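Notes follow the structure.
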Amino acid sequence: MDEETVDVPGRLATLPLFGGMTRAELDRLARGCQLRRLAVNEMVFRVGEPCRVLHVALEGQIKLFAGSSSGQEKVIELIGPGHSFAEAMMFSERPYCFNAQAPAPTLLLTVPKANVLAGISRDCRFAMRMLAGLSSRLQGLLQDVAAYALHSGPQRVIGYLLRDHDGAAHPDPITVPLPVSKATIASRLNLTPEYFSRVLHELQAAELIEVGRNEVRIRDAGPLSRAARAPSARPGGRVRPARSPLPAR
């Protein structure tokens with residue numbers, strides 16, 4: 001995508017957050033917006049910096065993470081194309097409390113805070129969509145906390161692979177792209193990279209998935225979904241081959 005040819009109001013119209021806005025409203029919202037091309041590992045912002053814009057990923061991936069003084073990091077969320085992030089910081093008048101980085105080549109759109117606030121004051125539907133987005137992100141974070149406490153490593157990995165699919169309703173093969181490193185995904189799931197790779201290897205040995213360089217191919221989501229519910233997926237268990245019946249919990 002060439003930044004100079006991007007129709008910013010048109011792109012805004014495709015985003016759920018700005019759905020239903022008229023062209024005139026989108027044109028006002030687009031004034032002062034900027035497109036930013038990010039190289040691999042380039043930072044979007046760091047902890048402590050002020051939040052003056054709404055960020056929207058148009059291409060690539062954004063990694064939200066917390067870091068320690070020793071250099072360790074914990075991935076909080078991975079933001080894909082079409083999604084906004086860091087909205088809460090913009091409304092709270094507080095500086096960023098986490099970092100944002102592009103783990104892959106990324107095109108980012110920034111919308112000035114003043115434009116967002118003006119849009120909210122003109123249209124309560126915009127405010128409701130913003131609240132819905134924030135609520136969805138909060139719910140996702142709460143689900144993550146529950147998963148870390150209650151789900152085994154295999155269950156978390158399978159949940160990640162099937163996050164956009166209902167296993168019982170998608171018997172056809174599924175390709176899950178891995179746009180970031182396996183270490184980044186492992187951190188997102190609160191697993192070590194070594195354990196994450198081991199789970200993928202076991203799922204592949206069980207003939208439930210095929211692991212490529214930048215993707216995972218799922219032959220049939222049904223058996224994989226059932227594997228997450230089986231006793232063998234609990235802590236200390238091993239994933240069983242797909243040709244052997246998997247007992248239900």
Side-chain angles (χ1 to χ4, degrees), residues 40-41 44 57 60-68 70-83 85-86 97-104 106 136-167 170 174-219 221-240 242 246 249:
V40 175
N41 294 329
V44 180
Q61 200 89 7
I62 294 294
K63 175 179 68 174
L64 308 182
F65 69 99
S68 67
S70 62
Q72 294 181 325
E73 67 176 45
K74 171 65 180 75
V75 177
I76 301 170
E77 193 171 5
L78 295 172
I79 307 295
H83 295 280
F85 58 97
C97 58
F98 50 84
N99 306 289
Q101 185 181 39
T106 298
S136 177
R137 181 155 298 139
L138 176 60
Q139 182 180 12
L141 292 174
L142 291 175
Q143 289 173 341
D144 287 344
V145 172
Y148 299 155
L150 302 175
H151 294 174
S152 68
Q155 288 172 326
R156 282 179 248 168
V157 173
I158 293 172
Y160 175 81
L161 295 176
L162 295 178
R163 64 193 183 279
D164 296 324
H165 302 277
D166 177 355
H170 294 81
I174 297 170
T175 298
V176 181
L178 302 179
V180 296
S181 69
K182 291 182 177 65
T184 297
I185 298 174
S187 178
R188 172 70 178 82
L189 300 176
N190 207 33
L191 302 171
T192 65
E194 296 78 14
Y195 186 76
F196 178 70
S197 295
R198 191 180 80 185
V199 172
L200 288 180
H201 176 75
E202 290 185 359
L203 292 173
Q204 182 166 254
E207 301 179 3
L208 293 169
I209 65 172
E210 296 176 2
V211 181
R213 182 177 180 182
N214 297 310
E215 65 182 23
V216 170
R217 292 176 293 278
I218 302 172
R219 298 178 181 180
L224 185 62
S225 180
R226 290 193 294 273
R229 299 191 296 269
S232 58
R234 295 171 184 168
R238 297 180 65 86
V239 180
R240 302 186 180 191
L246 289 169
R249 177 175 293 179

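Along the sequence shown, the residues carry numbers beginning at 1. The shown structure was predicted, so the numbers you read here are calculated from the model rather than taken from an experiment.
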Point to revise | Gln101 and its side-chain contact (heavy atoms from CB on, under 4.5 Å) partner, picked from Val75, Asn41, Val40 | key: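 With Gln101 as partner, Val75, Asn41, Val40 yield a single side-chain contact (heavy atoms from CB on, under 4.5 Å), made by Asn41.
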If every non-hydrogen atom of [X] is compared with every non-hydrogen atom of [Y], which pair is closest and at what distance?
X	Y	value
Ala227	Leu208	CB-CD1, 3.9 Å
Phe85	Ala100	CE1-CB, 4.2 Å
Ala221	Leu162	CB-CD2, 3.9 Å
Phe196	Ala186	CB-CB, 3.7 Å
Ile79	Ala57	CG2-CB, 4.4 Å
Gly153	Tyr195	CA-CE2, 3.5 Å

Point to revise | Whether Gln204 side chain and Val211 backbone form a donor-acceptor pair below 3.5 Å | key: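 Yes: the side chain of Gln204 pairs with the backbone of Val211.
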**Study point:** Exam field: side chain Gln155 to backbone Ser152, donor-acceptor pair closer than 3.5 Å
**Key:**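 Indeed, once roles are kept as given, a pair shorter than 3.5 Å links the two residues.
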Would you give me the side-chain donor-acceptor pairs under 3.5 Å for residues 178-185, sequence neighbours excluded?
residue : atom : partner : partner atom : Å
Ser181  : OG   : Thr184  : N            : 3.1
Ser181  : OG   : Thr184  : OG1          : 2.9

Exercise for review: Could you tell me which residues satisfy side-chain hydrogen bond (donor to acceptor under 3.5 Å, both in side chains) with Arg188, sequence neighbours excluded, listed by chain and number?
Suggested key: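 So Arg188 forms a side-chain hydrogen bond (donor to acceptor under 3.5 Å, both in side chains) with Asp144.
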Exercise for review: Apply side-chain hydrogen bond (donor to acceptor under 3.5 Å, both in side chains) to Gln143 and list each qualifying residue two or more places apart in sequence or on a separate chain.
Suggested key: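 If we apply the side-chain hydrogen bond (donor to acceptor under 3.5 Å, both in side chains) test to Gln143, skipping adjacent residues, there are no hits.
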When rounded to the nearest 0.5 angstrom, what distance separates [atom1] in [X] from [atom2] in [Y]?
X	Y	atom1	atom2	answer
Ile76	Asn99	CD1	CG	8.0 Å
Ile209	Glu215	CD1	CD	11.5 Å
Arg229	Ile158	CZ	CD1	10.0 Å
Leu161	Leu203	CG	CG	7.0 Å
Ile218	Ile174	CD1	CD1	5.0 Å
Arg156	His151	CZ	NE2	9.0 Å

Check your understanding: Would you say the side chain of Val157 lies within less than 4.5 Å of the side chain of Leu191, judging by non-hydrogen atoms?
Key ->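 Answer yes - side chains close enough.
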Review point. Does NZ or CZ of Arg163 come closer than 6.0 Å to the centre of the six-membered ring of Tyr160, within 45° of the ring's axis?
Key: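 Checked: cation-pi criterion met.
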